[in-house]
Amino acid sequence: MPLPLWTGRFRKGLDRQVNAYNASISFDARLYRQDILGSMAHTTMLAGQGIISKEDENAIRQGLHEILDDMDGGRLVPDPDAEDIHMFIEAELTRRVGDAGKRLHTGRSRNDQVALDLRLYLRDVCLEIREGYLALYQTLISIARQHLHTIMPGYTHLQRAQPVTLAHHLMAYVEMLARDIGRLDDMTRRMDVMPLGSGALAGTTYPLDREQVAGILGFSAISLNSMDAVSDRDFVIELAAALALFMVHASRLCEELILWSSQEYAFIELDDAYSTGSSIMPQKKNPDVAELTRGKSGRVFGNLMTLLTMMKGLPLAYNKDMQEDKEAIFDSVDTVRLCLPALTGLIESMKINTNRMAEAAAGGFTNATDLADYLVLKGVPFRNAHEVSGQLVRFCLDRQCALQDLTLDEMKAYSRFIEEDVYEAIRLENCVGRRRLPGGPAPETVLAALDQASARF
Ligand code: ARG
């Protein structure tokens with residue numbers, strides 16, 4: 001076991017089990033690149049301010065470069081006995097370049113270092129996840145574009161309610177995703193603050209140039225309170241919350257895909273490449289990708305709760321509890337990263353059975369509201385019109401037919417206001433086409449929404 005870098009005031013080494021308990025390197029090793037980039041910026045600034053010599057700067061820079069190369073190439077692997085990735089890299093640097101390496105940590109603490117590393121890492125992650133959101137967003141838009149006229153039932157309480165189009169239905173998820181993207185953008189803006197220079201909690205006496213470090217690392221601002229900077233994990237929680245809400249949306253979409261791919265609905269057929277079979281039932285084709293997405297939402301919600309609970313009640317400033325932030329947020333990030341391409345591929349490759357959708361829309365009295373609206377146009381008060389339409393539905397149920405199958409005389413028996421033009425009024429295409437208010441399902445309205453959505457990002 002290598003000696004930790006803080007042994008000075010201790011009489012004996014760390015208990016083996018405590019060392020394992022205390023260590024975070026098994027999960028924070030993934031921060032090595034960010035840790036090295038942060039250290040390079042810090043080094044440049046230390047030399048620029050005359051705090052370390054040019055020679056030390058060069059030696060540190062050279063050493064960090066080599067460590068980065070070696071870690072990228074798999075020639076240097078994190079020592080599981082090192083406490084964390086920060087200690088590992090610093091110890092390795094000192095092993096390679098000697099005393100210069102021991103000057104790297106001047107004016108810095110692991111507390112501001114880890115706050116920096118995590119911001120740098122999550123900044124890249126947010127960009128990557130944003131790309132994944134956008135790919136799903138655009139996939140939904142392009143399918144919607146092809147189905148502006150594909151009539152399907154809209155549901156409430158999972159009962160057929162009123163006709164909509166597949167385009168309109170899919171565009172609901174596009175709106176959810178637009179908010180997901182907006183949430184990521186909002187939180188990345190708030191995360192864009194450089195904490196180095198906060199030290200352990202009380203800043204530092206060295207004349208650091210914090211603005212320069214922020215500039216090198218591409219941050220637009222520096223933190224303004226050292227105690228907050230080292231103990232703030234709002235950015236982690238905000239990302240966890242944003243990802244959790246995305247998983248709510250993904251899970252709802254997946255639930256629909258699961259229903260739609262059942263033989264009972266048969267609205268869609270999932271591609272073989274995105275479905276799995278059963279080990280016993282030869283006929284089975286299961287929507288595992290959608291089910292896994294629905295299932296994995298649980299861990300992403302759990303991670304958010306982990307983080308909120310971990311931070312709750314922590315006194316200022318840094319506390320070791322906060323080391324627990326990484327596994328939770330990394331798991332959320334990894335889960336969403338896995339889910340996005342699978343879900344996008346599933347949707348891109350599914351076959352859509354427009355006939356089944358049309359049949360379902362035609363069969364569930366989804367035009368009963370339109371029949372009532374028709375009577376209102378003829379001067380019947382809405383409540384009476386509702387009653388007449390309901391009685392006609394009852395009549396159809398007994399005869400096992402749809403409203404549009406009734407003869408004019410059969411309808412007239414319930415209201416003298418019904419004329420030949422009723423058939424046009426309750427044709428599903430017309431029921432949808434007349435709903436042109438902004439936000440409605442009429443093809444031209446959805447097309448406008450689609451164009452707006454395409455131009456949004
Ligand atoms: N591994 C630690 C973490 O992830 C780094 C900071 C440790 N700071 C300290 N004072 N022990 O939070």
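Index from 1, following the sequence. Order of listing sets the numbers, starting from 1, for every ligand and every atom in it.
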Q. Hey, does T44 have a side-chain heavy atom less than 4.5 Å from the side chain of R61?
A. yes

Q: Answer yes if the side chains of R108 and S39 hold a donor-acceptor pair under 3.5 Å, and no otherwise.
A: yes

Q: Could you find the nearest protein heavy atom to atom 1 (N) of ligand 1 and give me its residue, atom name and distance?
A: Q323 OE1, 2.7 Å

Q) Can you list the ligand 1 atoms lying under 4.0 Å from a non-hydrogen atom of S24? A) 1 (N)

(Q) How far is atom 8 (N) of ligand 1 from the closest protein heavy atom, and which atom is that? (A) N111 OD1, 2.9 Å

(Q) Counting the benzene-type ring for Trp, do F330 and F27 have ring centres under 6.0 Å apart? (A) no

Q) Would you say N58 and E55 make side-chain contact, with heavy atoms under 4.5 Å? A) no

Q) Which ligand 1 atoms, with their elements, are less than 4.0 angstrom from a heavy-atom of K326? A) 3 (C), 4 (O), 12 (O)

**Q.** Taking atom 7 (C) of ligand 1 as the reference point, the nearest protein heavy atom with its distance
**A.** Y318 OH, 3.5 Å

Q.
Once rounded to the nearest 0.5 Å, what's the spacing between atom CZ of R299 and atom CG of N303?
A. 7.5 Å

(Q) Measuring from atom 11 (N) of ligand 1, which candidate in H86, Q113, M87, R110 has the nearest non-hydrogen atom? (A) R110

Q: Would you check whether E83 has a nitrogen or oxygen atom less than 3.5 angstrom from a nitrogen or oxygen atom of ligand 1?
A: no

Q) Looking at D84, which atoms of ligand 1 are within less than 4.0 Å of one of its heavy atoms? A) 1 (N), 2 (C), 5 (C)

Q: For the residue pair R75 and D69, establish whether any side-chain heavy-atom pair is separated by less than 4.5 Å.
A: yes

